[in-house]
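Every heavy atom of this structure was used, including side-chain atoms; hydrogens, water molecules and symmetry mates were not. When a ligand or atom number is given, it counts from 1 through the structure's own listing order.
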Amino acid sequence: MKIMSPSVDQTSPDTLSADAIKQSLRTRWIGQPAIHSLDVVESTNAEANRLAQDGAPEGTLIVANAQTKGRGRLGRTWVSPPVSGLYLSIVLRPAHPPDWFPKLMLTAGVAVASAIQQIGTTPQLKWPNDILIGDRKVGGILTEAVFNKTRIDFAVLGIGINVNTKQDELPVSIRNLATSLRLGLGKRVSRIDLLQILLHQVEQWYESLDTGAFPTILETWSEFDTTLGRVVEVFLPERRVVGIAEALHQDGTLLVRDKRDCLHRIVAGDVVHCHLDP
Ligand code: BTN
């Protein structure tokens, strides 16, 4: 695989204007119908949902320099300071039934991990799609969708990456749990180069998923995996499961075996890696 080094000099403005993004964008359809580049927005996912409801075509891209109400999974907040991070959402219109949707989450994780690998560091994936460097979170993915009875009406794929964030810019509450590409690589990274690599990867992996290559996606996911074989604590709406993360099911759900030898199939939930016996 070709390794690129999108480092920037310290004075580079590294702007994310639509024109700058379009230049040397290698995608066929992501970002091609429209790029909405915003300085500040509450949440690019909220914006993408609004545009999709109004009929925005597949591939519509929303990028922001900062978010004031960045959304994380499970109702959490995604801290989104200006300039140092990448915050984007893509409108998707998959022609698939609702039960296809979980596969998109894992596919997106593989795309983001592959993009980060191309800039020179190999991240790990924590199920379902947290992106880690050295056990600290560097990026997150929020997939949202509107369904009707038989198919997905539209989906929004939201990606947040801490790119050039310095240690003291991370909120104190997550300082020991989070990191950035800059901290991992020891040098600044061009957000625009990373964005172009990322959009290309999302397009490639999404097309693989669309043409039925989910087994290959699961194999690639496993190459980045840091969850399988570990003791995990899974917080579900009504209960908690503690056990060994044994395998991924062929549909992408996580199989956790508890100490009574009972196998739990986890569709969604908050997974914590433990350093304890199950
Ligand atoms: C997570 O909790 O790990 C998911 C975080 C996803 C954050 C991104 S930033 C761009 C997009 N817009 C949002 O409001 N959230 C996602």
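- If you number the atoms of ligand 1 from 1 as listed, the ones under 4.0 Å from a heavy atom of Asp130 come out as 3 (O).
- Shown in contact with Leu88 at under 4.0 Å from a heavy atom are these atoms of ligand 1, numbered in order with element: 10 (C), 11 (C).
- Short contacts between ligand 1 and Ser43, defined as distances under 4.0 Å to a heavy atom of the residue, involve ligand atoms 12 (N), 13 (C), 14 (O).
- Looking at Asp193 and Arg188, no side-chain N of the basic residue comes within less than 4.0 Å of a carboxylate O on the acidic one, giving no salt bridge.
- Checking His273 against Thr226 by side-chain atom types alone, no donor-acceptor pair falls below 3.5 Å.
- The existence of a salt bridge linking Asp261 and Arg257 is confirmed by a sub-4.0 Å separation between a basic side-chain nitrogen and an acidic carboxylate oxygen.
- Taking a cut-off of under 4.0 Å to the non-hydrogen atoms of Lys137, the atoms of ligand 1 that pass are 1 (C), 2 (O), 3 (O).
- Using a cut-off of 4.0 Å between Lys/Arg side-chain N and Asp/Glu carboxylate O, Glu144 and Arg71 are scored as salt-bridged.
- Neither the backbone nor the side chain of Leu74 comes within contact range of ligand 1; no heavy atom lies under 4.0 Å.
- At a threshold of 4.0 Å, the pair Glu58-Arg93 does not count as salt-bridged, since none of the basic side-chain nitrogens sits closer than that to a carboxylate oxygen.
- The closest approach between any non-hydrogen atom of Glu42 and ligand 1 is not below 4.0 Å.
- In terms of polar-atom proximity, Trp78 is not counted as a contact of ligand 1, lacking any N or O under 3.5 Å from an N or O of the ligand.
- Atom 9 (S) of ligand 1 has its closest protein heavy atom at Gln67 NE2, 3.3 Å.
- At the shortest separation from atom 2 (O) of ligand 1 among protein heavy atoms lies Arg73 N, 2.7 Å.
- Each of the atoms 5 (C), 6 (C), 7 (C), 13 (C), 14 (O), 15 (N), 16 (C) of ligand 1 lies under 4.0 Å from some heavy atom of Arg71.
- Under the 3.5 Å distance criterion, with hydrogens and angles disregarded, no donor-acceptor pair is assigned to the side chains of Glu47 and Ser89.
- Using a 4.0 angstrom heavy-atom cutoff, Arg76 does not count as in contact with ligand 1.
- In this structure, the ring of Trp29 has its center less than 6.0 angstrom from the ring center of Tyr206.
- Of the possible donor and acceptor atoms, one in the side chain of Arg191 sits under 3.5 Å from a partner among the backbone N and O of Gly85.
- Between Glu207 and Arg28 there is a salt bridge, since at least one side-chain N of the basic residue sits less than 4.0 Å from a carboxylate O of the acidic one.
- Counting atoms of ligand 1 from 1 in the listed order, those under 4.0 Å from a heavy atom of Gly70 are 14 (O).
- When each atom of ligand 1 is checked for a heavy atom of Thr44 under 4.0 Å away, the hits are 10 (C), 11 (C), 12 (N).
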